[in-house]
Amino acid sequence: MAEPERTERRLRPAPLLFEPSEAVADPEHFFDLESIEDPQELLTRATELTLAFRAAQERAVEFQALAAAQLADPRRFDRLSPALIAEQAEWTEDYARKMIEFGETLQRGTGTDLT
């Protein structure tokens with residue numbers, strides 16, 4: 001069975017803008033959401049941010065997997081074992097093996113989910 005296309009994952013929802021350092025210092029401040037009074041607008045912006053954070057998290061996991069696969073590549077003279085990769089990334093060794101496999105899959109261009 002063919003894999004579903006991953007175009008959904010590549011959508012770029014609302015941009016994640018960096019907040020000024022003064023705003024970050026205020027624990028109640030979060031991307032200016034606290035200043036939005038209209039509940040419809042608040043829901044829309046909060047949803048945009050949720051989607052953007054999910055997309056960023058998924059993309060970061062893919063980069064972790066690519067890095068893990070590259071570090072474990074047997075062609076490297078300085079390759080790392082799954083145990084060492086797990087230690088560096090604060091993963092279990094089993095998860096490191098899965099991430100290495102996922103990264104190898106991504107390198108081949110046939111990306112699949114970890115689940």
Between [atom1] on residue [X] and [atom2] on residue [Y], distance to nearest 0.5 Å:
{"X": "Glu62", "Y": "Gln57", "atom1": "CD", "atom2": "CD", "result": "10.0 Å"}
{"X": "Lys98", "Y": "Thr105", "atom1": "NZ", "atom2": "OG1", "result": "13.5 Å"}
{"X": "Leu66", "Y": "Leu71", "atom1": "CG", "atom2": "CG", "result": "11.0 Å"}
{"X": "Leu80", "Y": "Gln70", "atom1": "CG", "atom2": "CD", "result": "12.0 Å"}
{"X": "Leu106", "Y": "Phe63", "atom1": "CG", "atom2": "CZ", "result": "10.0 Å"}
{"X": "Glu93", "Y": "Ile100", "atom1": "CD", "atom2": "CD1", "result": "9.0 Å"}

Check your understanding: How close do Pro82 and Ala96 get, heavy atom to heavy atom, and via which atoms?
Key -> O-CB, 3.5 Å

Review point. What's the shortest heavy-atom distance between Ala68 and Ile85, and which atoms?
Key: O-CD1, 3.6 Å

Point to revise | ILVMFWY cluster, Ile36 and Leu43 together (side-chain gap under 4.5 Å) | key: no

**Study point:** Selection residues 71-94 - residue pairs positive for ring-ring contact (aromatic ring centres under 6.0 Å, His included), sequence neighbours left out
**Key:** Trp91-Tyr95

Practice item. Would you check if Met99 and Val61 make a side-chain contact, meaning some heavy-atom pair closer than 4.5 Å? Key: yes

**Study point:** More than 12 heavy atoms from other groups under 6.0 Å of CD on Glu87
**Key:** no

Check your understanding: Is it true that Arg54 and Glu58 make a salt bridge, defined as a side-chain N closer than 4.0 Å to a carboxylate O?
Key -> no

**Study point:** Salt-bridge present (Arg45, Glu48; N to O < 4.0 Å)
**Key:** yes

